[in-house]
Structures are given as C-alpha cells and as structure tokens.
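Labels below follow one simple rule: chain letters A, B, ... track the order of the sequence lines, proteins then strands, and each chain is numbered from 1.
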There are 2 protein chains.
Amino acid sequence: MKYSQATDYALHAMLYLVAEAPDKPVSVQLLAEKLGVSQTYLSKMLTKLVKAGLIHSVSGANGGYKLKRNQDDISFLDVIQAIEGTTSLFECSFHHDSACLIQQVVADAEQQMMHTLKNKKIADLVPHIPKP
Amino acid sequence: MKYSQATDYALHAMLYLVAEAPDKPVSVQLLAEKLGVSQTYLSKMLTKLVKAGLIHSVSGANGGYKLKRNQDDISFLDVIQAIEGTTSLFECSFHHDSACLIQQVVADAEQQMMHTLKNKKIADLVPHIPKP
DNA sequence: TCATTCGTAGACTTATCGTATCTATAATAT
DNA sequence: ATATTATAGATACGATAAGTCTACGAATGA
Ligand code: SF4
Ligand code: SF4
C-alpha cells in the first residue's frame with residue numbers, strides 16, 4: 001500500500017508554486033520540465049488540484065496555474081486528498097455492524113495521520129527546499 | 001490508496017483465533033468458511049502470519065493454526081504489516097536529499113498512525129465481537 | 001505401513017488500477 | 001485570426017491485487 005506517484009508529482013508541483021509563487025501563472029510546460037514528467041500527464045493532476053480548489057487555472061497565452069487560497073492554508077492533506085481521494089483506508093467486506101470495532105480502530109489510526117498532515121502546510125518547508 | 005482485502009481477511013482471521021483461542025488448532029477450512037473466502041487463498045495470508053511469527057501452524061490430521069505469542073502482544077500493526085509489508089507509504093522519485101522534508105513530513109504522519117495501530121491489540125476488542 | 005488429513009509452495013490466470021500517451025476542443029492574449 | 005494554453009476523453013500499457021489449481025511434505029491414526 002503506497003501513495004501513488006501522482007501524489008509525489010502533485011506535492012512537488014505545489015511546492016514549486018508556493019515557493020516561486022509570483023503573480024504570473026506558471027505553465028504546465030515549465031512544471032513538467034522541472035519534474036521530469038510529461039505535460040499531458042501532469043496536467044491531469046493539476047486539474048484535480050484545480051477542482052479541489054487549491055489552485056487556479058488561466059487559459060490562453062501566458063496562462064498556467066497559480067495559487068488560489070492563501071498559501072499558508074494549503075496543507076499536505078489537501079494535496080494528498082485531492083489526488084488520492086477521500087475514501088477511507090480500510091473498508092470491511094461484510095458490514096455486519098454499523099459501529100464495527102475493527103473498522104473503527106483503523107479509522108482512528110488514519111485520523112491520527114490525517115491530523116498530522118493537516119497541520120503541516122506546504123509553505124512550512126519552503127525555506128528548506130533542496131537543490132535539484 | 002487502500003489496504004488490500006487480504007488485510008481484511010487476516011484481521012478477521014486473527015480476531016477469530018484470539019476470540020475462540022482454544023488449545024486445539026483451528027483449520028483453514030473452518031476459517032475460510034467463516035469468512036466466506038476460498039481455502040487456498042486464505043492460506044496464503046495465514047502463511048504470511050506464520051512467517052511474521054504471529055501464529056503457529058500444525059501439519060497433519062487435526063492440525064491447523066493457533067496463536068504463537070501471548071495474545072495480548074498482538075497488535076493491529078503486527079497483522080497489517082505482516083500482510084502489507086513494511087515499506088513506507090511514500091517514496092519520492094528523485095532522492096536528491098537524504099533528509100528530504102516532503103518525505104519526512106509524510107513519514108512523520110505515517111508514524112503517528114503506526115503508533116496508534118501498535119497500541120491497539122487484537123484482544124482489546126474481543127468483548128465486542130458483532131454477531132455474524 | 002498406508003491412507004487420510006492438513007499446511008506449504010509455486011505456477012498460473014484474471015481483474016483492477018496506476019501510468020502514460022494522443023487527440024480534439026475550448027478559452028484567452030497578442 | 002493565430003498562437004498559446006488548459007481541459008476532457010479515448011486509448012494503450014504495465015504492475016499489482018485477487019483468486020485458482022496442482023503437486024508436495026508433514027503429521028496423525030488405523
Ligand atoms: S467485524 Fe467489523 S470489519 Fe469485520 S465484517 Fe463485521 S463490521 Fe466489517
Ligand atoms: S524534494 Fe524531497 S521528496 Fe522531492 S525529490 Fe527531492 S528528496 Fe525526494
């Protein structure tokens with residue numbers, strides 16, 4: 001069980017947007033080049049981020065993507081859930097109890113993780129970006 | 001991103017073993033019937049649990065599986081890791097920094113979850129098993 | 001000893017999902 | 001208008017999960 005590689009791309013793209021966040025939108029072409037991934041594929045993830053309300057897209061010449069919200073509001077959880085979805089980590093196959101304990105234990109644990117990811121903002125690590 | 005269904009089966013099998021834990025080993029045939037899954041498939045998971053040192057197998061007539069450790073020592077994390085493996089939730093594609101922050105944030109969050117799963121023992125919810 | 005019962009292991013098939021590409025379309029700046 | 005850029009859908013490919021089948025080995029008991 002792993003996060004998809006798409007999440008990896010999305011996190012890096014967001015980090016770039018937050019770090020270099022100018023007024024000008026940055027094109028998927030530039031981002032894709034930085035990340036070493038194809039434009040068309042990366043655009044799928046960016047579109048998901050748009051639909052999640054994290055970034056804003058501008059069509060046409062000199063268009064691209066820029067942040068929508070205040071950058072300090074964007075957490076790791078936001079990005080991850082935008083890509084991976086919000087379905088819970090564990091779903092039992094039988095459902096014979098509405099308040100089942102196995103499910104509840106795993107859900108609890110997942111909540112712990114989500115809490116940490118929610119409190120960590122992308123902007124938090126801008127000062128520490130490693131050199132590519 | 002979800003836990004595999006195999007984890008679901010393994011957790012239920014363990015719960016059954018802990019709850020009904022007699023001296024006599026319980027056969028995969030019985031377990032498979034209880035869980036509504038084929039014997040051969042379930043046996044794969046049980047074999048993983050054996051290799052992880054959680055249960056003990058007895059060959060031959062009247063054989064089967066029984067707990068190895070003290071049942072109070074068996075945590076959710078033990079079972080989950082036996083099935084899913086122990087590779088971390090997130091691995092970046094570039095690795096240009098040995099102490100990368102993106103990776104570290106996610107790893108931290110995962111640790112939170114693992115901590116919760118480690119403190120929760122299978123035996124904890126024996127008193128609350130729902131009726132199938 | 002021999003047949004029966006039961007776990008182990010590997011090869012194998014099938015289904016599902018992540019990864020990736022291509023193409024057509026809509027929106028916008030110059 | 002034309003070039004530029006995001007969006008959407010179809011499609012193909014590959015990896016992994018899910019599940020089956022069969023042969024083998026170990027223990028029991030008759
Ligand atoms: S015991 Fe809980 S997790 Fe298992 S099948 Fe029933 S409701 Fe689902
Ligand atoms: S920034 Fe961190 S997570 Fe991203 S590629 Fe570099 S080391 Fe990996």
Looking only at heavy atoms, what is the nearest atom pair of [X] and [Y], with distance?
X	Y	value
A:Ala6	A:Ile83	CB-CG2, 3.8 Å
A:Ser4	A:Glu84	N-OE2, 2.8 Å
A:Leu15	A:Ile122	CA-CG2, 3.8 Å
B:Val58	B:Pro25	CG2-CG, 3.9 Å
B:Tyr3	A:Met1	CE2-CE, 3.4 Å

Of all residues at least two apart in sequence or in a different chain, which pass the salt bridge (Lys or Arg N to Asp or Glu O under 4.0 Å) check with A:Lys34?
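So A:Lys34 forms no salt bridge (Lys or Arg N to Asp or Glu O under 4.0 Å) with any residue.
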5'-most by nearest nucleotide on DNA chain C - A:Lys44 or A:Asn62:
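Its nearest nucleotide being more 5', the pick is A:Lys44.
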Between B:Ala61 and B:Tyr65, name the one whose nearest nucleotide on DNA chain C is closer to the 5' end.
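Nearest-nucleotide comparison on DNA chain C picks B:Ala61.
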From the 5' end of DNA chain C to its 3' end, which nucleotides mark the outer limits of contact with chain B, defined by a 4.0 Å heavy-atom distance cut-off (strictly under)?
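Answer, 5' to 3': C:dT5 to C:dA11.
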Is it true that atom NZ of A:Lys120 has more than 12 heavy atoms of other residues, nucleotides or ligands lying nearer than 6.0 Å?
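No, the 6.0 Å shell around NZ holds no more than 12 heavy atoms from other groups.
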A side-chain contact here means heavy atoms from C-beta on lying under 4.5 Å apart; do A:Thr7 and A:Val79 qualify?
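Contact flag for A:Thr7/A:Val79 side chains = no.
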4.5 Å side-chain heavy-atom contact, B:Phe76 and A:Ile102
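Yes. Closest side-chain heavy atoms under 4.5 Å.
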Terminal axes of the helix from C:dT1-D:dA30 to C:dT30-D:dA1 (five pairs each): angle between them, nearest 10 degrees:
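Inter-axis angle at the ends, rounded: 10°.
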Spacing between [X] atom [atom1] and [N] atom [atom2], to the nearest angstrom:
X	N	atom1	atom2	value
B:Met45	D:dA18	CE	P	8 Å
A:Leu17	D:dA6	CG	P	11 Å
B:Glu84	D:dA18	CD	P	8 Å
B:Lys24	D:dT28	NZ	P	12 Å
B:Leu46	D:dG19	CG	P	15 Å

Measure the CG-NZ distance between A:Asp73 and A:Lys121 for me, rounded to the nearest 0.5 Å.
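These two atoms lie 6.5 Å from each other.
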Rounded to the nearest 0.5 Å, what separation is found between the CD1 atom of A:Ile55 and the CG atom of A:Leu49?
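Those atoms lie 4.5 Å apart.
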With sequence neighbours excluded, what pairs up with B:Lys24 under the side chain to side chain donor-acceptor pair (under 3.5 Å) test?
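Residues passing side chain to side chain donor-acceptor pair (under 3.5 Å) with B:Lys24: none at all.
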Within residues 47-60 of chain A: residues closer than 4.0 Å to DNA chain C (heavy atoms)
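Correct list: A:Ser59, A:Gly60.
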Taking only heavy atoms on the protein side, list every residue of residues 35-43 of chain A lying under 4.0 Å from any atom of DNA chain C, sorted numerically.
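Contacting residues: A:Ser38, A:Thr40, A:Tyr41.
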Indicate yes or no for a side-chain donor-acceptor contact from B:His115 to the backbone of B:Gln111 under 3.5 Å, with no hydrogens or angles considered.
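Between the backbone of B:Gln111 and the side chain of B:His115 there is no qualifying donor-acceptor contact (under 3.5 Å).
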